[in-house]
Each structure stands twice: as structure tokens, then as C-alpha cells.
Amino acid sequence: MGEWFDPDGADVVTCRDAFRLLWQALRRHWDDAVLMGSPSQTGRDLWSRTIPTTGKWAGGYPVLSEELRSLLHATGGQGRTELILPPRVPEQLPALVEYDRTFAYAKHLWKSPVGTPRRITAARFAAMTEQEQVKALMSCSHWNVRVTVPAGWNHVGLLPAPVTGDRAWVYPSEPGATFTTWAGGAEVHLALSNHLMPWKVEILGGLLFEDGKPLDEWGKRLKSAWAGLNNLSKMHGDERQRTAAYLASRAVRSVLLFGLGGFAQRPRLVSGTTPVGEALPAGVEILGQDGEVVTWQRHAGFSRDPYAHPEWAAYVWSGARAALLDMKYRQGKEVIGHAGALHARPGTVVYFGTDGIALTERQMWPYRGEVGDYLLKGHLTGPVEHPTSQEQYLKLRGLGRTELAEKGTEQQ
């Protein structure tokens, strides 16, 4: 049950009602919807019912080569998780204020990469006009870049850098720091054009996809189901049903979140043992050894699963990371406001957590209840000792949420 939503003390009857409401909400958009054994399976099953039956992509979308899937698997990081430590922020925090992007990933499904990408070399990118370069970066793309943090930069890092020997990512922000990495076009464009100070970014190469909409219909239906349940959780006259509707709305979020992650399709791992003294199979990683056998594992490559689309997951994750830094509020085509870390004062951002950030002061970011909007989620009055670990931060976050719930607030 915890995979679908956090019951948070709800009783069994309420949780049963939540699953019933979830099924009913999905059936309004898929008349043959079925709740599978997990949110991931459910998400992929629902998506399969939106595959076009006419046009260029009738019957499904082509799966990339194993080479490209391996590249995206290795270089397409997920959500940003970063605790920013002193001296970049104060030892004593005047407050700890948490903002969470509402149903964040749903905002980034309207466009996705499709087909086999064109490989763009450094020379080819340099030969483009400035307008062509901007168009390439704003298209569905994935770039290998050499980055230098500009002199005088005093804010958070903008682009992820891999940690050698680990699957984690860091976000360098020290002026003069230089690193080579991969990032989505939205992040690269933000680094080059942010309103504070442009970074130096050298394009070493990239993958430029055709812009398509393979997740758009799936996302629209899930957003509609979520919105209906979210409204019910506020308007229903019965408290149990309000709670059940809230849990069901969280389950829709899990269907989208885990369904999207399912498209990433990690490589399969095979493990085995070999008697000590005998030659090990090629390409294995040794896990352990006792007196008689060596235990090992190795990558067995990728399956030819028609649902294997790491390019979709990587593109959405990249867009969400960029929106943690700079998100535009639009009215029609007009930009009417901004939110995100780069619109907070330097030295006030304490934590990034996938689709939310924590700061030392309140922000004037409007909340309209739309997907992607920054919702004030917690406020812990200071002074607060700066957390030295993620575990400490999560404890403080819980205290901040409790304080906000008790005191109440108005977000403009």
C-alpha cells in the first residue's frame, strides 16, 4: 500500500475506499482501466492504451539501439537531491521554509523525444546560427558539455556533474569550477541564458530528437483524474471520503511517477559464482569471496521491451530539474511571473528534493493550484541549527509541516 500512497494512519476501510475512488477516476478516462499489481505496471498499462492507431507512430514508438539506451541510462540523472552546507548558507537558519511543486512531472509531459536522434558534433553545432542553436537546445535533446562556473557567481549550481565511481550527481557552484557532463537541452539553455549571469558552456556533442507527444494524452488523462480527486478531497462532506480522495490523488501521482520511471528500463543484472582459482567470466564485478567460490555480477544488456524509452524519462527529469531553478508562470503565451531557486536571494536555498526546495525565508510565489506550481508545504520558525545530513533535514521538514498545519497560512 505504501507504494501507491502513504496511508499516514488511515484505517483499512479508508484505504479500500481510496483504491475504489482511484479506479473510478481512471475509468472516467479509460473505460477499460485496470489496477495492476503496482503503480508502475498500472502506469505503463494505461499508457499502452494511448498508443496511436493512425499516423506516423501507429502501433508504437521505435525503441532506441542498446548503445543509445546505455548512454541515456548512464548520463540521464533523475531528480535533484542536494543539501547545501555552510558557509554557502548560515550555520543558524532564520527559518526553514519548504515549497513543493504540485504534481510536478505532469507539467513536463506535453512534449517528448521520438524516433532515432541525429548526432550533433561540436563542429556542426558551432556552424549553426544563434537562432538554430537556441532551437536545438529548446528541442528534445541531450548534450555533452564542458562547463565553467563564471567568476562572481554566488548562487546554487545549475548543471549536474557525475561523481566518479558513483551513480550520484553533484552541482558545482564555485566560481572557476570546470567539469564535463551530460544534460538536457532545457538545463543547458538555462545555464547559458539565466537572468543572473550566463555560464560558459561548450557543446562537445549531442543527440537531437524529433519533438513528439507520446506522453501527452497519457499525462492529460492522469492530470484530469488527479484534479478531480484533489477537488473531492477538499469538497466532500464526509471526512473519511475526503481522506480517501486525497490518498487516491496521491496514488495517481504514483502511477505517473513510477510509470515514467518504468520507461527508463535499467539494464538487467545477472549474478553467479565461480570456484576460487577458475577464470571468471568476462566483464564481471566481484561482489564477494569465501574460501571456495567467488560471487559476481555483470550487466546482461537491455531487453527489447517495447516500453523501453529512457529518452522520455531523461527528458522529463531534465525539465523538472530546470524548473527547480526557474519556472515561468504563464497566462496564455504571456509570462506573468517566475519561481524557483534562482529567484530567491543567494545564500537562502538549503535543500533540493526532486520536486521541492527548502529555503530560509518565504517567497512571493503565487499558488494557483495548477500542476507544477510551488505550494508552501512547511514553515519551521527559527533560529534553526543547520542540518548536517539528509536525515536531519527530513526531521526538520516534518517539524515545519506540523507547525504550518497548526498555525495555518495564506499563500498569495
Side-chain angles (χ1 to χ4, degrees), residues 6 78-85 88-90 93-108 155-158 171 173 186-187 190 194-196 223 226-227 230 233-234 246 249-250 253 256-257 316-330 335-382 384 386-387 390 392-412:
D6 181 1
Q78 296 189 30
R80 179 173 183 169
T81 302
E82 181 187 19
L83 177 64
I84 298 174
L85 299 170
R88 294 169 59 195
V89 288
L93 307 178
L96 188 65
V97 185
E98 179 199 359
Y99 287 89
D100 185 67
R101 292 187 67 219
T102 299
F103 204 20
Y105 286 170
K107 189 176 178 67
H108 303 282
H155 220 303
V156 297
L158 302 186
Y171 294 81
S173 61
E187 293 173 281
L190 178 63
N194 74 85
H195 66 287
L196 297 177
K223 281 188 284 187
W226 170 84
N230 193 47
S233 72
K234 299 171 183 175
Y246 171 73
S249 73
R250 298 293 293 173
R253 178 183 179 274
L256 187 148
L257 189 68
V316 172
W317 292 334
S318 173
R321 290 195 301 269
L324 279 182
L325 299 168
D326 178 31
M327 191 199 79
K328 297 176 176 63
Y329 290 92
R330 298 181 186 274
V335 176
I336 59 172
H338 294 266
L342 293 185
H343 299 278
R345 289 192 305 113
T348 62
V349 180
V350 178
Y351 186 80
F352 289 95
T354 306
D355 51 9
I357 57 178
L359 309 103
T360 62
E361 57 189 27
R362 291 272 188 107
Q363 305 297 317
M364 297 300 291
W365 297 337
Y367 183 71
R368 305 163 300 178
E370 298 180 11
V371 294
D373 281 4
Y374 280 87
L375 171 67
L376 179 62
K377 200 74 176 288
H379 185 144
L380 184 60
T381 303
V384 180
H386 190 289
Q390 186 176 19
Q392 285 186 15
Y393 165 75
L394 293 176
K395 287 180 181 178
L396 293 175
R397 186 185 73 174
L399 295 174
R401 290 182 177 183
T402 299
E403 180 181 318
L404 186 69
E406 290 174 350
K407 292 187 175 181
T409 185
E410 289 294 329
Q411 184 176 358
Q412 301 301 317

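Position 1 is the first residue of the sequence; numbering continues from there. These numbers come from the heavy atoms of this one structure, side chains and all, not from hydrogens, waters or symmetry mates.
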Run the side chain to side chain contact (heavy atoms under 4.5 Å, CB included) check on L85 and H386 step by step: do they pass? CA-CA 8 Å; L85 299 170; H386 190 289; 3.7 Å; yes

Assess the residue pair F352 and V156 against the criterion (side chain to side chain contact (heavy atoms under 4.5 Å, CB included)); give the C-alpha distance rounded to whole Å, side-chain angles, the decisive distance to 0.1 Å, and a yes or no. CA-CA 10 Å; F352 289 95; V156 297; 4.0 Å; yes

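To the nearest 0.5 angstrom, R250 atom CZ is 8.0 Å from D6 atom CG. Atom OG1 in T102 sits 8.0 Å away from atom CG in N230 (nearest 0.5 Å). The line from CG of L257 to CG of D355 is 8.0 Å long, rounded to the nearest 0.5 Å. Interatomic distance, CG of L399 versus NZ of K395, reported as 10.0 Å (0.5 Å rounding). Residue E82 holds its CD atom at 11.5 Å from CD1 of I357, rounded to the nearest 0.5 Å. A distance of 5.0 Å separates CD of Q390 from CG of L394, quoted to the nearest 0.5 Å.
Residues S318 and E187 have side chains that bring a donor and an acceptor to within less than 3.5 angstrom of each other.
For the pair R88 and H155, the tightest heavy-atom approach, listed with the atom from each and the gap, is NH2-O, 4.4 Å. Between L96 and R397, the shortest heavy-atom distance links the atoms CD2-N, 4.4 Å. The two residues A339 and Y374 have their closest heavy-atom pair at CB-CD1, 3.7 Å. The nearest pair of heavy atoms linking P387 to L83 is O-CD2, 3.7 Å. Closest of all the heavy-atom pairs between L325 and G157 is CD2-O, 4.0 Å. The two atoms that bring A320 and H108 nearest to each other are CA-NE2, 3.6 Å, heavy atoms only.
Taking a cutoff of 4.0 Å between a charged side-chain nitrogen and a carboxylate oxygen, D100 and R401 do not qualify as a salt bridge.
Put simply, the side chain of Y105 does not reach to within 4.5 Å of the side chain of R253, judged on heavy atoms. In this structure, the side chains of V350 and I84 stay at 4.5 Å or more apart for every pair of heavy atoms. Within the 4.5 Å cutoff, the side chain of H338 has heavy atoms near those of the D326 side chain. D373 places none of its side-chain heavy atoms less than 4.5 Å from the side chain of W365. Under the 4.5 Å side-chain criterion, counting only non-hydrogen atoms from C-beta, T360 is not in contact with V89. Under the 4.5 Å side-chain criterion, counting only non-hydrogen atoms from C-beta, L342 is in contact with H195. Taking 4.5 Å as the limit, some side-chain heavy atom of L324 sits within range of a side-chain heavy atom of R101. Side-chain contact between E98 and Y393: present, with at least one pair of heavy atoms (C-beta onward) separated by less than 4.5 Å.
Between the side chain of Y99 and the main chain of Q363, a donor-acceptor pair closer than 3.5 Å is present. Distance alone, capped at 3.5 Å, places no donor-acceptor pair between the R80 side chain and the A322 backbone.
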